[in-house]
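Everything on this sheet refers to the single structure shown next.
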Number of protein chains: 2
Amino acid sequence: MARPDDERPDRISEAEHAVMEVLWARSPQTAAEVCAAVCEERDWSLPTVKTLLSRLVAKQAVATRPDGRRFLYSPLLSRADYLGGESRRLVDRLFGGRAAPLFAHLAQEEALSEDDLAEIEALLKELRQ
Amino acid sequence: MARPDDERPDRISEAEHAVMEVLWARSPQTAAEVCAAVCEERDWSLPTVKTLLSRLVAKQAVATRPDGRRFLYSPLLSRADYLGGESRRLVDRLFGGRAAPLFAHLAQEEALSEDDLAEIEALLKELRQ
DNA sequence: GCTTAATGTTTACAGGCGTAGTCGAATTGC
DNA sequence: GCAATTCGACTACGCCTGTAAACATTAAGC
């Protein structure tokens with residue numbers, strides 16, 4: 001029996017996430033393009049970026065399509081899914097799955113801008129009706 | 001503000017966090033007590049727990065006080081500081097430091113219970129006045 | 001047809017993490 | 001006093017991650 005696409009979260013590391021961000025911003029891209037884009041923030045060599053891409057492909061977070069002699073990379077995992085998963089992981093692990101305490105902590109740290117408050121208020125109103 | 005240099009966050013790993021939780025719940029405790037408590041969730045051997053405690057001491061997240069032949073361990077890092085730091089890290093890394101998108105994601109995932117909403121609403125009201 | 005430049009694959013290596021065994025000193029029971 | 005127990009410290013080891021070099025292959029240019 002095949003274990004088809006069984007439960008395989010296969011965590012994406014922080015460095016890998018940086019690569020995903022540039023693919024989410026635009027895709028598909030070649031390895032060289034990804035490298036150029038990602039190097040605006042982190043100073044990585046091309047081999048490093050290629051390693052990260054390979055690992056992402058192995059984790060099935062990125063798909064490759066051959067384009068002549070090279071590959072074009074595009075994200076398989078959506079940004080929304082990634083963000084959702086990570087957020088939930090944090091909330092589960094640290095706050096027993098409840099978002100309110102998280103919110104309280106952010107508020108306490110003054111990590112909430114006036115805009116944030118307004119936006120959240122608006123979201124709340126929407127959810128409430 | 002007498003906090004000149006020596007600002008070294010020194011990330012606490014997930015396994016270490018489990019140990020911190022039992023120390024936050026009650027302290028001080030001996031290594032054996034910590035092990036008993038933590039083993040209700042994760043099935044670790046005593047040496048494993050001791051290693052984690054040592055690493056936490058090295059990271060200055062836990063303090064030791066000798067008690068006869070053994071040590072009593074207590075948290076140095078407060079739970080609030082830890083949660084605050086982790087939350088902020090996530091928000092910074094994934095949502096450009098803005099809490100509203102995080103909130104939106106949690107809402108979308110239906111990770112917000114009715115109680116959460118009520119609590120957050122109350123917090124908002126408090127922050128707003 | 002060769003050399004070269006581009007590109008993916010393999011291999012490497014240090015540091016952190018999860019997990020745990022062993023060692024040596026201190027303590028307690030007899 | 002001496003053996004058994006109890007601790008913390010040291011050591012170990014495999015996996016993952018960050019970072020990158022070396023290698024292989026292939027398309028392109030001369």
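Throughout, protein chains are lettered first and strands after them, A, B, ... in sequence-line order, and every chain is numbered starting at 1.
Screening residues 118-129 of chain A for salt bridge (Lys or Arg N to Asp or Glu O under 4.0 Å), with sequence neighbours left out, gives A:Glu119-B:Arg98, A:Glu121-B:Arg128, A:Arg128-B:Glu114, A:Arg128-B:Glu121. Applying the ring pair (Phe, Tyr, Trp, His ring centres under 6.0 Å) test to pairs two or more places apart or on separate chains, those with a residue in residues 19-43 of chain B are B:Trp24-B:Tyr82. Among residues at least two apart or in separate chains, salt bridge (Lys or Arg N to Asp or Glu O under 4.0 Å) pairs with a member in residues 16-27 of chain B are B:Glu16-B:Lys59, B:Glu21-B:Arg79. Identified under the side-chain hydrogen bond (donor to acceptor under 3.5 Å, both in side chains) test for residues 45-56 of chain B, with sequence neighbours left out: B:Ser45-B:Thr48.
Looking at B:Leu23 and B:Leu53, their side chains come closer than 4.5 Å, going by heavy atoms from C-beta outward. Put simply, the side chain of A:Ile12 reaches to within 4.5 Å of the side chain of A:Leu77, judged on heavy atoms. Annotation: side chain of A:Phe103 is in contact with side chain of B:Leu124 (closest heavy-atom distance under 4.5 Å). Residues B:His17 and A:Arg93 have side chains in contact (heavy-atom distance under 4.5 Å, counting atoms from C-beta outward). Inter-residue side-chain proximity for A:Val34 and A:Val19 is flagged as met; some heavy-atom pair is nearer than 4.5 Å.
Taking a 4.0 Å limit (strictly below) on heavy-atom distances, residues 15-35 of chain B reaches DNA chain D at B:Ala31. Of the residues in residues 64-77 of chain B, those lying under 4.0 Å from DNA chain D by heavy-atom distance are B:Arg70, B:Phe71, B:Tyr73.
Evaluation of the side-chain contact (heavy atoms from CB on, under 4.5 Å) rule for A:Asp92 yields A:Arg88 as partners, not counting sequence neighbours. In this structure, the side-chain contact (heavy atoms from CB on, under 4.5 Å) partners of B:Ala80, at least two apart in sequence or on a different chain, are A:His105, B:Ser78. Residues satisfying the side-chain contact (heavy atoms from CB on, under 4.5 Å) test with A:Ala15, not counting sequence neighbours, are A:Ser13, A:Trp44, A:Leu52. The side-chain contact (heavy atoms from CB on, under 4.5 Å) search around A:Thr30 returns A:Ala32, A:Glu33, A:Arg70, A:Leu72, not counting sequence neighbours.
In 5' to 3' order, the nucleotides of DNA chain D bounding all contacts with chain A (an atom under 4.0 Å from a heavy atom) are D:dT17 to D:dA28. Where DNA chain C meets chain B (any atom under 4.0 Å from a heavy atom), the bounding nucleotides read 5' to 3' are C:dC17 to C:dT28.
In this structure, A:Trp44 and B:Arg55 both approach DNA chain D, and ranking their closest nucleotides by distance from the 5' end singles out B:Arg55.
Residue contacts for A:Thr48: at a heavy-atom cut-off of 4.0 Å it reaches a base atom on one of the strands shown.
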